Amino acid sequence: MIIRYPSYYDSFSCIAGECEDTCCAGWEIDIDDKSYQYYMSIEGEFGERLRQNIREYQSDDEDIYEMHGFILKEDKRCPFLDERGLCELYRELGEDALCSVCTDTPRNFLEYGGEREISLSAACAEAGRLIYGSRKRITFVEKRTAEEFPWEESEEESCFARLIRTARDQALQILQNRKLPLADRIIHYLSFAGKVQECLNKNDPEKISALSWEDYQEEITESAQATGKDLEEKQYEMFLNRMVTFTGMDSISQEWEEALRQLQKNFVERADGALVYREAVRRLEDELARQQREYEYEHLMVYYVFMCQARCVDDYDFIGRAKLAVVSFLMIRDLDAVRFAVKGSYDRADRVDVARLYARQVEHSENNLEYLAEEFIFEEVYSPESLQAALLQP
């Protein structure tokens with residue numbers, strides 16, 4: 001089986017108690033069946049404590065991954081996370097006793113087409129430092145292993161997976177084409193994603209292989225052609241719509257709620273909010289250019305496209321994954337802009353922290369991902385044309 005991952009993946013190592021955050025708070029911690037059976041067999045006082053802190057999920061969903069999870073504390077922390085941010089279960093029973101979710105986090109796995117792809121979630125600050133740590137283009141490593149693919153795929157499934165992988169790789173080429181400004185690259189990426197989606201909608205996935213992103217690199221739809229004041233007003237209106245969307249989702253932390261309050265206070269509630277918003281985004285872009293850090297947004301887009309784009313093998317929603325990447329870029333840029341406006345500076349630590357905050361809120365909540373997917377389908381502000389307009393320079 002081929003395993004594929006970003007080149008920085010090999011450098012990752014959990015820094016445990018030295019981390020400024022913890023993976024053990026903010027979301028459910030599922031227990032795989034093998035670990036559950038092991039935990040049920042532990043004797044003594046610690047075994048009794050284990051069983052007292054495990055609950056069975058009540059669900060009619062046949063597709064639920066796990067049937068058990070830890071009972072979280074009131075602050076949504078794992079009951080085995082001590083005051084130093086270290087795992088008591090690890091200390092008492094050893095690394096092999098950790099359940100799959102604890103062992104794998106912050107890794108994301110996608111298995112399709114006889115291959116496995118691995119990414120690191122930016123919800124982990126240490127992973128974020130690797131993702132944004134170099135100006136060089138992100139590259140990917142492929143390794144062939146003796147491990148067999150965990151299930152059989154039909155020839156049709158394998159062929160479709162190869163087509164989607166090819167399209168995803170072309171999307172990465174678009175976003176890493178540094179001959180063009182990043183905004184233009186993202187616009188072209190949306191155009192290309194739309195062409196791929198047309199093939200899927202017409203049930204002609206084999207035509208994907210004939211697509212070339214270079215055919216669409218100059219394509220910008222008419223609705224994205226507004227200029228000057230009209231475009232500025234439209235972009236601010238789209239920001240307000242993003243605020244409605246993101247304040248409407250489940251919140252998993254007070255940190256997230258405070259970040260939204262800062263956006264609301266500085267860019268929405270003020271009478272001159274539209275002007276302040278545009279100026280803050282412009283000043284942020286100027287500051288990143290001065291520091292020669294524009295590449296960080298390229299890495300952000302590459303991160304989301306590699307991690308999410310090929311997941312459409314399950315639901316044929318290629319354009320939906322493209323929208324997730326672009327909306328994530330826009331929302332993170334908004335959060336960057338307000339942080340810069342409030343602090344008066346924006347360093348690498350801010351980049352890692354904002355990306356971490358957003359990833360924890362969005363990537364690790366199935367409810368929030370489903371909520372966004374519906375918004376992308378039904379809200380005009382998330383049409384490819386509107387998203388392209390959000391990227392143009394007034």
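Every value quoted in this text rests on a predicted model; they were computed, and no experiment measured them. For this chain, numbers begin at 1 and follow the sequence in order. Below, each value reflects all heavy atoms present in this structure, side chains not excepted, and no hydrogens, waters or symmetry copies.
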Can you tell me if Glu153 uses its side chain to pair, donor with acceptor, with the backbone of Gly113 under 3.5 Å?
-> yes

Determine whether Tyr371 and Ser365 make a side-chain contact, defined as any pair of heavy atoms from C-beta on separated by less than 4.5 Å.
-> no

Where the side chain of Gln197 meets the backbone of Ile319, is there a donor-acceptor pair that is under 3.5 Å apart?
-> yes

Approximate separation, where rounding is to 0.5 Å, of Leu330 CG and Phe239 CZ | 11.5 Å

Does any pair with a residue in residues 366-377 pass salt bridge (Lys or Arg N to Asp or Glu O under 4.0 Å), and if so which ones, sequence neighbours excluded?
-> none

Hey, does the side chain of Tyr112 reach the backbone of Asp314 with a donor-acceptor pair shorter than 3.5 angstrom?
-> no

Is any side-chain N of the basic residue among Lys207 and Glu198 closer than 4.0 Å to the acidic one's carboxylate O?
-> no

Where the side chain of Arg185 meets the backbone of Asn177, is there a donor-acceptor pair that is under 3.5 Å apart?
-> yes

Is there a donor-acceptor pair closer than 3.5 Å between any side-chain N or O of Asn368 and the backbone N or O of Asp250?
-> yes

Apply side chain to side chain contact (heavy atoms under 4.5 Å, CB included) to Ile332 and Tyr304, showing your working.
-> CA-CA 12 Å; Ile332 288 172; Tyr304 276 107; 4.3 Å; yes

Where the side chain of Thr166 meets the backbone of Ser209, is there a donor-acceptor pair that is under 3.5 Å apart?
-> no

Result of checking Arg351, Glu287, Arg293 against Tyr346 for side-chain hydrogen bond (donor to acceptor under 3.5 Å, both in side chains) = Arg351

With Arg333 as the cation and Tyr297 as the aromatic partner, state whether NZ or CZ is under 6.0 Å from the six-membered ring centre and within 45° of the axis.
-> no

Could you tell me how the ring of Tyr316 sits relative to the ring of Phe160: parallel (under 30°), tilted (30 to 60°) or perpendicular (over 60°)?
-> parallel

Thr145 (side chain) donor-acceptor with Met1 (main chain) under 3.5 angstrom | yes

Donor-acceptor under 3.5 Å (Gln388 side chain, Ile187 main chain) | yes

Taking only Lys NZ, Arg NE, NH1 and NH2, and the carboxylate oxygens of Asp or Glu, determine whether Asp230 and Lys234 approach each other closer than 4.0 Å.
-> no

Should the pair Tyr358 and Phe246 be assigned to parallel (<30°), tilted (30 to 60°) or perpendicular (>60°) ring geometry?
-> tilted

If you measure from the Lys or Arg side-chain nitrogens to the Asp or Glu carboxylate oxygens, is any gap between Arg162 and Glu155 under 4.0 Å?
-> yes

Residues Glu255 and Arg360 bridged, charged N to O under 4.0 Å | no

Measuring from Asp317:CG to Ile377:CD1, what's the distance to the nearest 0.5 Å?
-> 6.0 Å

Give a yes or no answer on whether the side chain of His299 reaches the backbone of Ser134 with a donor-acceptor pair at less than 3.5 Å.
-> yes

Look at Glu117 together with Arg168 and state whether they make a salt bridge at an N to O cut-off of under 4.0 Å.
-> yes

For the pair Tyr277 (side chain) and Ala337 (backbone), establish whether a donor and an acceptor sit closer than 3.5 Å, ignoring hydrogens and angles.
-> no

So, Asp353 and Arg356, do they make that salt bridge, N to O below 4.0 Å?
-> yes

